[in-house]
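Per chain, numbering begins at 1; letters A, B, ... match sequence-line order.
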Protein chains: 2
Amino acid sequence: MEKPPGSEIEIFRDFIKKKGLRYTSEREIILREIFNIHDHFDVDELYLRLRNKGHRISKASIYRTLPLLIECGLVQEVYHEDGHMHYEHIYGHEPHAHFRCLSCRRVEEFKDQRLEEVAREYAEKYGVEIKMTRFEILGYCSTCRGGEG
Amino acid sequence: MEKPPGSEIEIFRDFIKKKGLRYTSEREIILREIFNIHDHFDVDELYLRLRNKGHRISKASIYRTLPLLIECGLVQEVYHEDGHMHYEHIYGHEPHAHFRCLSCRRVEEFKDQRLEEVAREYAEKYGVEIKMTRFEILGYCSTCRGGEG
DNA sequence: AAAGTATTGAAACAAAATTTCAATAAGGTA
DNA sequence: TACCTTATTGAAATTTTGTTTCAATACTTT
Ligand SMILES: [Mn+2]
Ligand SMILES: [Mn+2]
Ligand SMILES: [Zn+2]
Ligand SMILES: [Zn+2]
């Protein structure tokens, strides 16, 4: 086991400091809430959760903070659906792929060693530096297939 | 070699008919233009190409036609960037994955047998019906890595 | 404490995508 | 062919997502 470099809070604070930015309470509250959501989420859901907890953080701040969290590798864009992006926190989770049902919209996660292999080999062969990979299967889940969907 | 079921035009016409819709000249012109674009494209680019050829087809019609082309498997959403979706025609092309450079925005295609294997095995194991798969590597290309990007 | 600068929320703005609606055209029937 | 029914179209309005502006404020350094 490798020792993890620290909590998401530490990582984010260090990242923010290293960029010469300011570690504000709004940024930390957004980060904390994202790591309380153990599911895929969108900006609206995050905003409403914060509001319901009494935080008065604007959507503008959420939209400004998300790219920072993505840049430092704590959060990922997962998929674009219904006209907006869906995210997830990834720090502390193993890489995984997604199956999305086009009918009921259910999203399932799964792991497969080979996906990282493919990416690693591509990076090796073409000399690119990988920031992230994304593998999605879109189709109809066992419940929905054959139905009217 | 399997005999292909027909040209993209035939496939689209049959699909439209089977759905009880009407095969209009606008829909065919959009389809033809998409299969003239041998690259990833977005709605605006497609619209301008049509206009430059003298076709007066509205963006509304493009936005209405794209989901039909996707539904019948001729076209795919490739990636969402700069606030809008990017597409490609896929009929007649082997499945492929994409590398996208986060700095110069270059997009490279590559094939890997294993990706379809992973999807096939997932489908088998969980009884889902695959409509499409998508594999992306995001990172920095050999030119951009190390640079200011 | 003062100066300098990044961040914030609110509102204005920009852009993407969808919807509305009257005119038109496709496709079926006589 | 002429006629009928109904889906489709373009243009404009609308909705929604995401970005930018800007004055107030908070952080950081001197
Ligand atoms: Mn996930
Ligand atoms: Mn491609
Ligand atoms: Zn389903
Ligand atoms: Zn590059």
Would the base of dT20(C) count as contacting Arg64(B) through its side chain, where contact means a donor and an acceptor less than 3.5 Å apart?
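Donor-acceptor pair under 3.5 Å: yes.
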
Name the closest nucleotide to the [X] side chain, picking from [options].
X: Ala60(A); options: dG27(C), dA10(C), dA17(C); result: dA10(C)
X: Glu26(A); options: dT8(C), dG18(D), dG4(C); result: dT8(C)
X: Leu21(A); options: dG18(D), dA6(C), dG10(D); result: dA6(C)
X: Thr24(B); options: dA26(C), dG18(D), dA11(C); result: dA26(C)

Rounded to the Å, how far apart are [X] [atom1] and [N] [atom2]?
X: Lys19(B); N: dT6(D); atom1: NZ; atom2: C1'; answer: 17 Å
X: Lys17(B); N: dT6(D); atom1: NZ; atom2: P; answer: 17 Å
X: Leu31(A); N: dT7(C); atom1: CG; atom2: C1'; answer: 17 Å
X: Glu28(A); N: dC27(D); atom1: CD; atom2: P; answer: 12 Å
X: Arg22(A); N: dA6(C); atom1: CZ; atom2: P; answer: 6 Å
X: Glu77(A); N: dT17(D); atom1: CD; atom2: C1'; answer: 13 Å
X: Lys18(A); N: dA6(C); atom1: NZ; atom2: P; answer: 19 Å
X: His84(A); N: dT19(D); atom1: NE2; atom2: C1'; answer: 17 Å

Name the residue closer to the 5' end of DNA chain C, choosing between Ser61(A) and Met85(B) according to the nucleotide with the nearest heavy atom.
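It is Ser61(A), whose closest nucleotide lies nearer the 5' terminus.
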
If you pin Ser25(B) and Asp82(B) to their nearest nucleotides in DNA chain C, which one's is more 5'?
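Mapping each residue to its closest nucleotide by heavy atoms, the 5'-most match is Asp82(B).
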
Yes or no on side chain to side chain contact (heavy atoms under 4.5 Å, CB included) for Glu109(A) and Glu88(A), after CA distance, side-chain angles and deciding distance?
CA-CA 12 Å; Glu109(A) 304 186 338; Glu88(A) 68 184 354; 3.5 Å; yes

Establish, from distance only, whether the side-chain atoms of Glu136(B) and Tyr79(B) form a donor-acceptor pair under 3.5 Å.
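Short answer, no.
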
Output the distance between atom CD1 (Ile137(B)) and atom OG1 (Thr133(A)), rounded to the nearest 0.5 Å.
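These two atoms lie 7.0 Å from each other.
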
OP1 or OP2 of dT7(C) sitting under 4.0 Å from any side-chain N/O of Arg27(A)?
yes

Hey, is the side chain of Tyr63(B) poking within less than 4.0 Å of OP1 or OP2 on dT18(C), counting only N and O atoms?
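So the side-chain polar atoms of Tyr63(B) never come under 4.0 Å of the phosphate oxygens OP1 or OP2 of dT18(C).
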
Taking for each residue the nucleotide of DNA chain D with the nearest heavy atom, is it His80(B) or Lys59(B) whose nucleotide lies nearer the 5' end?
Lys59(B)

Is the ring centre of His93(A) less than 6.0 Å from the ring centre of His89(A)?
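Yes; His89(A) has its ring centre under 6.0 Å from that of His93(A).
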
Matching residue for His40(B) among Gln76(B), Glu45(B), Glu81(B), His98(B) - test: side chain to side chain donor-acceptor pair (under 3.5 Å):
His98(B)

